[in-house]
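Report on the following structure.
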Amino acid sequence: MGIYAGYAIYYTAAIAENAAAIAAGMKPTNIYSYGFSRYYHIGGQGATLPIAFMMLFAKSKRYKILGRATIVPSVFNINEPLVYGTIVNNPFMFIPMMLLSVILPGVAYLWINFGFGSVNHVNFDMNFMPNPISAFVMSGGDYRNALLVIVNLIIAALVWYPFFKAADKFEVKKEEKRAAEKKAKKQQVEGIVTEA
């Protein structure tokens, strides 16, 4: 039995207890990590859907291309190309990634804990489904849980935005510098050919 199998036993038991509580007319109480992650892994780990969208409107060619390549997978929570193409080893992206890993689960916990949404009680093990749909189904059809995903999406966009703008500006400068160097090299080669 691997790590995932042990984890699956744990969260399946949590869902079963929650479903039994609902059937008995009581409130479910088990907030388990897989179901809870639907509220803050919006676009994948690190809530990267907003950054995939922002890249579509980037000034730098690199980010614009990455945006086109990653927006559709990000809607379905597949963000490895985005994370490894943009965030890893990028000092501009480290701070928002860390901030969001604390802020969004905190917001989600408070939202559920104060009764603005329902504790999940339906097994819906499809993490590639867009998060508002997963949240709606896992909560037994509570629209407030889907609304929580939208609230966290907005928070994530607000946190990512200034850092992405700074990274995009820096990338544009790098691209302009590379273009100028390439042009200078080309002129140098043309000058040598003309002299010969």
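Residue numbers run from 1 in the order of the sequence given.
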So how far is it from T48 OG1 to I42 CD1, rounded to the nearest 0.5 Å? 10.0 Å
Heavy-atom closest contact (Q45 atom, N79 atom, distance): O-ND2, 2.9 Å
Among residues two or more places apart or on two chains, list those pairs meeting salt bridge (charged side-chain N to carboxylate O under 4.0 Å, His left out) that have a residue in residues 13-26. none
Counting neighbours of CD on E175 that are heavy atoms of other residues, nucleotides or ligands and sit closer than 6.0 Å, is the number greater than 12? yes
Apply side-chain contact (heavy atoms from CB on, under 4.5 Å) to the pair I155 and V107, showing each step before the final yes or no. CA-CA 10 Å; I155 292 169; V107 168; 4.0 Å; yes
Could you check if a side-chain atom of N145 sits within less than 4.5 angstrom of a side-chain atom of I112, using non-hydrogen atoms only? yes
Kindly indicate whether the side chain of M138, heavy atoms from C-beta on, has any atom under 4.5 Å from the side chain of F36. no
Can you get from V122 to M26 by hopping between Ile, Leu, Val, Met, Phe, Trp and Tyr side chains that sit under 4.5 Å apart? no
Would you confirm whether N113, through its side chain, and Y109, through its main-chain N or O, come within 3.5 Å as a donor-acceptor pair? no
Is the shortest side-chain heavy-atom distance between L66 and L82 below 4.5 Å? no
Is a side-chain N or O of N18 found less than 3.5 angstrom from the main chain of P28, in a donor-acceptor match? no
For N131 and G43, work out which heavy atoms get closest and say how close. OD1-N, 4.1 Å
Selection residues 145-155 - residue pairs positive for salt bridge (charged side-chain N to carboxylate O under 4.0 Å, His left out), sequence neighbours left out: none
Between D142 and G117, is there a donor-acceptor pair closer than 3.5 Å when you use the side chain of the first and the backbone of the second? no
To the nearest 0.5 Å, how far apart are CH2 in W160 and NZ in K165? 15.5 Å
Once rounded to the nearest 0.5 Å, what's the spacing between atom CD1 of I51 and atom CG of L56? 11.5 Å
Starting from L110, can I reach V102 by hopping between I/L/V/M/F/W/Y residues whose side chains sit under 4.5 Å apart? no
So E176 and K173, salt bridge (Lys or Arg N to Asp or Glu O under 4.0 Å) or not? Walk me through it. CA-CA 5 Å; E176 287 171 351; K173 285 182 184 175; over 6 Å; no
Can you tell if the side chain of N120 reaches within under 4.5 Å of the side chain of Y39, non-hydrogen atoms only? yes
Quick test of your reading: applying ring-ring contact (aromatic ring centres under 6.0 Å, His included), list the pairs with at least one residue in residues 129-149, sequence neighbours left out, ordered by first then second residue. none
Is there a side-chain contact (heavy atoms from CB on, under 4.5 Å) between M55 and T70? Walk through the geometry before answering. CA-CA 9 Å; M55 284 195 294; T70 61; 3.7 Å; yes
Point-to-point distance, once rounded to the nearest 0.5 Å, from CG of L104 to CG of L153: 9.5 Å
Could you verify whether a donor N or O on one side chain and an acceptor N or O on the other, from D168 and S60, lie under 3.5 Å apart? yes
Verify same cluster id: L147, L49 (apolar side-chain graph, 4.5 Å): yes
Under 4.5 Å side-chain heavy-atom separation, chaining through any Ile, Leu, Val, Met, Phe, Trp or Tyr, what else clusters with F170? Say none if it is isolated. F92
Are M98 and Y161 connected in a single hydrophobic cluster, I mean Ile/Leu/Val/Met/Phe/Trp/Tyr linked by side-chain heavy atoms less than 4.5 Å apart? yes
Linking I/L/V/M/F/W/Y whenever any side-chain heavy atoms sit under 4.5 Å apart, do V83 and Y40 land together? yes
Could you tell me whether a side-chain N or O of W111 sits under 3.5 Å from a main-chain N or O of F116, the two making a donor and an acceptor? yes
Enumerate the residue pairs fulfilling ring-ring contact (aromatic ring centres under 6.0 Å, His included) with a member in residues 57-84, sequence neighbours excluded, ordered by first and then second residue. F53-F57, Y63-F164
Hey, are the side chains of T29 and V119 touching, using non-hydrogen atoms and a 4.5 Å cut-off? no
Pairing of E181 and R178 as salt bridge, 4.0 angstrom limit: no
Can you list the other members of the hydrophobic cluster that holds L158, where links are side-chain heavy atoms under 4.5 angstrom apart? I150, I154
Might you work through the side-chain contact (heavy atoms from CB on, under 4.5 Å) test for M126 and S134, ending with a clear yes or no? CA-CA 8 Å; M126 298 177 74; S134 289; 5.7 Å; no
In terms of heavy-atom contacts, R144 and S118 come closest through NH2-OG, 3.6 Å
Heavy atoms of A156 and A47 approach each other most closely as CB-CB, 3.9 Å
Does V137 reach the side chain of M129, with side-chain heavy atoms less than 4.5 Å apart? no
Could you report the tightest heavy-atom contact between V149 and R38, atom names first, then the distance? CG2-O, 3.8 Å
Separation between CG (N152) and CG (L148), nearest 0.5 Å, reads 5.0 Å
Interatomic distance, M54 atom CE to T86 atom OG1 [nearest 0.5 angstrom]: 12.5 Å
Provide the closest heavy-atom pair for I71 versus R68 in the form atom of the first, atom of the second, distance. CG2-O, 4.1 Å
